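Each ligand, and each atom within it, is numbered from 1 in the order the structure gives. Please read all numbers here as calculations on a predicted model, not as lab measurements.
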Amino acid sequence: MNIKSICCIGAGYVGGPTMAVIAQKNPDIKVTVVDLNAQRIADWNHTDLKKLPIYEPGLDEVVAEARGRNLFFSTEVDKAIDAAELIFISVNTPTKNYGAGKGMAADLKYVELCARQIAKVATSDKIVVEKSTLPVKTAEAIQNILDHTGNGVDFQILSNPEFLAEGTAMRDLAVPDRVLIGGDSSSSKGQQAIQALVDIYSSWVPKENILTTNVWSSELSKLTANAFLAQRVSSINALSELCEATGADVQEVAKAIGMDSRIGPKFLQASVGFGGSCFQKDILNLVYIAKSLGLDEVADYWHHVILMNNHQRDRFAKNIIKTLYSTVNGKTIAFLGWAFKKDTNDTRESAAIYVADLLMDEQATIKVFDPKVTATQMQADLNYLNTRPEDENATYLKTERDPYAALEGAHALAVLTEWDEFKTYDWQRIYNKMQKPAFVFDGRNVLDRAALETIGFIYKGIGS
Ligand code: NAD
Ligand code: UDX
């Protein structure tokens, strides 16, 4: 089957960049990305590429190449579904905040809405691809909805989870470690559907990096990959506390164990805690699935990855308070960084939000500088936590568009995101502007400790 027209429902952090690359690499296929959020679509269509709704290095160039040629962003969902032979579902699957499974299970309402809409609109056979991260066996539910509410056309369901990481999405998409496609290879239609998606990726991904499997294994592999990655971060973070208590240095420990080829050096960076829209959500989902199946030990095992992460964030905030003579009331703590990692404007589940919240409980003023996150977004993040009235959030959290202004008069500074530009700052100038003693709490271990101590800062990293 030769696919000529693709629709992707969901123009977010995954749908936008992924479809931009598929369109770039397959100029003969028309790719239409649709979303209910009209503002988001308008931003994707913005003539000024700096105004795209997502900041991701290299994204603007790919969009510039493909947009208007064979890549389109639109709010006309029904039209795009009807015209497409293959439809990606790339909508959000947040943690449920109501009803059964509240706080644990993935909320599948957006995915189900997509399935129902596809069923209603489709008048010809479609391949429906799960791009969103979904609990194992979701494809069964989608198939059910499509078969029972559709217009009698054939639907083949594939699972094609996305492994890109934000900040490196364009490289991850251009040279993926692997592309995973789950489908039903027991029927010829299933085989054709798998092959159609393999052909799309084959335009640029070597055949040996495209794995095909059954749908359930594919769905579960995505949750497992994120659980393993997050577990590494929690493991090194657990050791960071032990290092602080014993005088060992976590970076030395990470280097020593990372040189063991069985362990490997990646994802061993101790930090103030992992954030992002995926790790916590996907582990909670895994925990919920295990619990639902009566596998309590499995559920508890994975849940501890999250508990350790919460502890690391709390510990970081408490260490700031303790070091500042056990009171931060009326003091100013400057934050460098608010995004959950560098090279993205995404703040979902960022450790910065939780650390700020704890410090604000103690009535500290937080002054934040982040190169890509807006003041509105920071306030929205705190308001979403809903721990105090919005006007109090606005009183205690200030935003600066200049890092030196954020640090003016601060009693301490905390590094929450590892933006490269922080290393290039004039640290003597910053020292001169801050209250003395001037404390640096480096939640990412990115600054030059020796250089800062020479200037006069009291430096506290993670795990040393
Ligand atoms: P996102 O919130 O950035 O984007 C989702 C978009 O879907 C939103 O713009 C929303 O308006 C739209 N949408 C929701 N329901 C819709 C509907 N019925 N019709 C049309 N549009 C609709 O989310 P995201 O970060 O792109 O994540 C999408 C999925 O991919 C999630 O399941 C996530 O777990 C998974 N994932 C995310 C990442 C990541 O790094 N962000 C990586 C891998 C996988
Ligand atoms: C993650 C997965 O890496 C990706 O494969 C999946 O598709 C989506 O979820 P993402 O959340 O975008 O990607 O970023 P990632 O690089 O995994 O970082 C997640 C969090 O862990 C960040 O807050 C990061 O700062 C933190 N982290 C990562 C550490 O604290 N230490 C590390 O060594 C690595």
For Tyr110, atoms of ligand 1 separated by under 4.0 Å from a heavy atom: 15 (N)

4.0 Å heavy-atom contact, Val77 with ligand 1: no

Per atom 25 (O) of ligand 2, closest listed option by heavy atom (Lys341, Arg444, Glu166): Arg444

Heavy-atom nearest option to atom 29 (C) of ligand 2, drawn from Lys342, Arg232, Gln312, Gln269: Gln269

Trp302-Phe228 aromatic ring centre distance below 6.0 Å: yes

Ligand-residue contact atoms, ligand 1 with Arg348, heavy atoms, under 4.0 Å: 1 (P), 2 (O), 3 (O), 23 (O), 25 (O), 41 (N)

Residue from Lys372, Arg171, Arg348 passing salt bridge (Lys or Arg N to Asp or Glu O under 4.0 Å) with Glu166: Arg348

Heavy atom of the protein closest to atom 10 (C) of ligand 1 (residue, atom name, distance): Asp35 OD1, 3.4 Å

Atom indices of ligand 1 within 4.0 angstrom of Gly12 heavy atoms, with elements: 1 (P), 3 (O), 4 (O), 26 (O)

Per-atom contacts of ligand 1 with Lys281, taking only distances under 4.0 Å to non-hydrogen atoms: 33 (C), 34 (O)

Atom 44 (C) of ligand 1 [closest protein heavy-atom partner, distance rounded to 0.1 Å]: Thr133 OG1, 3.5 Å

For atom 39 (C) of ligand 1, the protein heavy atom that lies nearest, with its residue and separation: Glu166 OE2, 3.4 Å

